[in-house]
Amino acid sequence: MRLIRSVRTPPAAGRRPVTHLLTAFVLLTGATACSTLGGPPIEAHDDAHAQAGQVQAQLLTREERMAAAKKWGLDQPPLVAPPPPKVKPQLTTPDWADQGPGLIPVFASVPTTEKVVFLTIDDGAAKDHSFLQMLRDLDVPVTAFLTDESAADDYGYFRDLHAQGASIQNHTLHHPQMITISEDEQRAEVCGQQDILQNEIGVRPWLFRPPFGDFDAGTLAVAEECGARAAPLWNEEAFPDRIDFREDDPQFHPGDIILTHFNGPQAWNATMPDMLRTVLRKATEQGYALARLEDYI
């Protein structure tokens with residue numbers, strides 16, 4: 001399991017830890033910001049994919065959505081996300097992630113009052129085609145943060161994922177702990193993956209997730225230099241048999257970002273559809289819809 005480690009500035013007192021994810025933080029609405037970002041424009045073809053997915057959800061009848069849910073072992077269909085905000089919320093870097101002024105924002109939750117959460121998937125080792133079909137059938141949006149060493153043996157899988165509406169973003173070439181390597185090595189890791197994803201997927205990423213959640217001011221400066229405008233982390237981690245929430249707080253909160261991985265039986269003794277069922281059951285039970293992260297940032 002991967003961890004968000006403390007990054008120079010210790011978390012503010014009184015915040016509760018995220019189990020297995022962060023040693024001490026809770027994002028607070030209105031937390032003191034160290035950097036802000038108005039959401040950049042999404043590439044036209046990504047926007048078209050998102051609009052197509054929204055139209056599909058609107059056209060499906062309740063019976064069709066129920067049939068799709070039953071096909072994938074769910075008692076009820078996922079909740080449908082509300083329309084994207086007309087004005088994207090202002091992203092802020094909270095105190096626990098502050099690395100100084102003028103850097104791209106780092107955050108684990110998007111400021112919104114809507115009951116939406118965002119599913120993000122890292123690395124790219126397992127390429128489960130039944131998972132693609134499940135995403136299509138249930139109209140579930142995801143954001144993939146790809147590492148070249150994991151994804152390179154079949155970028156066709158991720159082209160298919162992108163073609164059905166998923167966003168493809170940057171998670172470095174080799175998944176190093178960024179704060180342990182030189183600035184030039186960091187630049188090679190981030191900019192190199194930017195180039196590969198542009199060549200393989202046809203889109204140049206504008207989001208960067210540092211491996212292990214480890215970063216410093218130099219990491220964020222390099223990421224921006226390579227074209228990143230924000231660095232989303234996560235508030236929960238999903239597995240086929242559970243979701244790791246905040247300590248003593250097994251609840252989603254509006255705008256939470258969920259982390260999972262492209263894993264399968266070798267790592268989990270279970271499948272990507274098993275993981276997605278767990279996420280959808282818990283989200284639906286708590287009254288949350290899965291929304292498209294890029295619609296809000």
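Positions are given from 1 along the sequence. Only this structure's heavy atoms are used, side chains among them; waters, hydrogens and symmetry mates stay out.
Across all their heavy atoms, Thr147 and Leu173 have their closest contact at CG2-O, 3.3 Å. Closest approach of Val106 and Thr93 over heavy atoms only: N-OG1, 3.0 Å. Summarising the geometry of Ala230 relative to Phe107, their closest heavy-atom pair is CB-CE2, 3.8 Å, with the distance given to 0.1 Å. The nearest pair of heavy atoms linking Met272 to His261 is SD-O, 3.2 Å. Among all heavy-atom pairs drawn from Gln169 and Leu207, the shortest one is OE1-N, 2.9 Å. Among all heavy-atom pairs drawn from Asp256 and Ser109, the shortest one is OD1-OG, 3.4 Å.
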Q.
Between Leu161 and Leu135, is the side chain to side chain contact (heavy atoms under 4.5 Å, CB included) condition met? List the steps.
A. CA-CA 9 Å; Leu161 179 63; Leu135 292 176; 3.7 Å; yes
Q | Evaluation steps, side chain to side chain contact (heavy atoms under 4.5 Å, CB included), between Leu103 and Phe215 | A | CA-CA 12 Å; Leu103 300 169; Phe215 61 93; over 6 Å; no
Q: Let me see the working for Ile257 and Leu293 under side chain to side chain contact (heavy atoms under 4.5 Å, CB included), right down to the final yes or no.
A: CA-CA 8 Å; Ile257 299 173; Leu293 179 62; 4.2 Å; yes
**Q.** From CA spacing to verdict: side chain to side chain contact (heavy atoms under 4.5 Å, CB included), Arg187, Glu225
**A.** CA-CA 8 Å; Arg187 185 175 294 104; Glu225 179 185 330; 2.7 Å; yes
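Here the straight-line distance linking atom CD of Glu189 with atom CG of Asn170 works out to 9.5 Å at 0.5 Å rounding. Interatomic distance, CG of Leu290 versus CZ of Arg292, reported as 13.5 Å (0.5 Å rounding). Note: Leu74 CG to Arg65 CZ = 11.0 Å, rounded to the nearest 0.5 Å. A distance of 8.0 Å separates OG1 in Thr271 from CE in Met134, rounded to the nearest 0.5 Å. Atom CG of Asp128 and atom CG of Asn263 lie 11.0 Å apart (nearest 0.5 Å). If you take CG on Leu138 and CD on Gln133, they are separated by 9.5 Å, rounding to the nearest 0.5 Å.
Under the 4.5 Å side-chain contact rule for hydrophobic residues, Phe131 and Tyr155 share a cluster. Note on Leu132 and Met275: same hydrophobic cluster, where clusters join Ile, Leu, Val, Met, Phe, Trp and Tyr whose side-chain heavy atoms are under 4.5 Å apart, directly or indirectly. Taking hydrophobic clusters as Ile, Leu, Val, Met, Phe, Trp and Tyr residues chained together by side-chain heavy-atom distances below 4.5 Å, Val203 does not share a cluster with Phe208. Linking Ile, Leu, Val, Met, Phe, Trp and Tyr whenever their side-chain heavy atoms come within less than 4.5 Å leaves Val222 and Trp206 in two separate clusters. When the side chains of ILVMFWY residues are joined at heavy-atom separations under 4.5 Å, either directly or via intervening members, Ile258 and Leu146 end up in a single hydrophobic cluster.
A donor-acceptor contact under 3.5 angstrom links the side chains of Thr143 and Glu294, judged on distance only. Looking only at atom types and distance, the side chain of Gln177 has a donor-acceptor partner in the side chain of Asp214 under 3.5 Å away. Looking only at atom types and distance, the side chain of His171 has no donor-acceptor partner in the side chain of Gln193 under 3.5 Å away. No hydrogens or angles considered: nothing links the side chains of Asp216 and Gln99 as a donor-acceptor pair under 3.5 Å.
Side-chain atoms of Leu119 and Leu276, non-hydrogen and from C-beta on, do get closer than 4.5 Å to each other. Using a 4.5 Å heavy-atom cutoff, the side chains of Lys282 and Glu236 are not in contact. The side-chain heavy atoms of His253 and Asn235, taken from C-beta on, include no pair separated by under 4.5 Å. Put simply, the side chain of Met66 reaches to within 4.5 Å of the side chain of Pro77, judged on heavy atoms. Using a 4.5 Å heavy-atom cutoff, the side chains of Pro211 and Asp122 are not in contact. Between Pro111 and Thr92, every side-chain heavy-atom pair lies at or beyond the 4.5 Å cut-off.
Contacts classified as salt bridge (Lys or Arg N to Asp or Glu O under 4.0 Å) and involving residues 257-278 (residues at least two apart or in different chains) are given here: Asp274-Arg277. Within the structure, salt bridge (Lys or Arg N to Asp or Glu O under 4.0 Å) pairs that include any residue of residues 161-170 do not occur (at least two apart or interchain). Every pair passing salt bridge (Lys or Arg N to Asp or Glu O under 4.0 Å) that includes a residue from residues 157-166 is listed here, sequence neighbours excluded: Arg159-Glu200. Counting only residues at least two apart or on different chains, the salt bridge (Lys or Arg N to Asp or Glu O under 4.0 Å) pairs with a member in residues 143-153 are Lys127-Asp153.
In this view, Asp75 satisfies the salt bridge (charged side-chain N to carboxylate O under 4.0 Å, His left out) rule with no residue, not counting sequence neighbours. The ring-ring contact (aromatic ring centres under 6.0 Å, His included) search around Phe262 returns Phe158, not counting sequence neighbours.
Between Arg281 and Glu285, no side-chain nitrogen of the basic residue sits less than 4.0 Å from a carboxylate oxygen of the acidic one, so the salt-bridge criterion is not met.
Under a 3.5 Å cut-off, the side chain of Thr278 and the backbone N or O of Pro240 do form a donor-acceptor pair. Listed for the Gln194 side chain is a donor-acceptor partner under 3.5 Å among the backbone atoms of Pro205.
Between Phe252 and Phe245, the gap from one ring centroid to the other is short of 6.0 Å.
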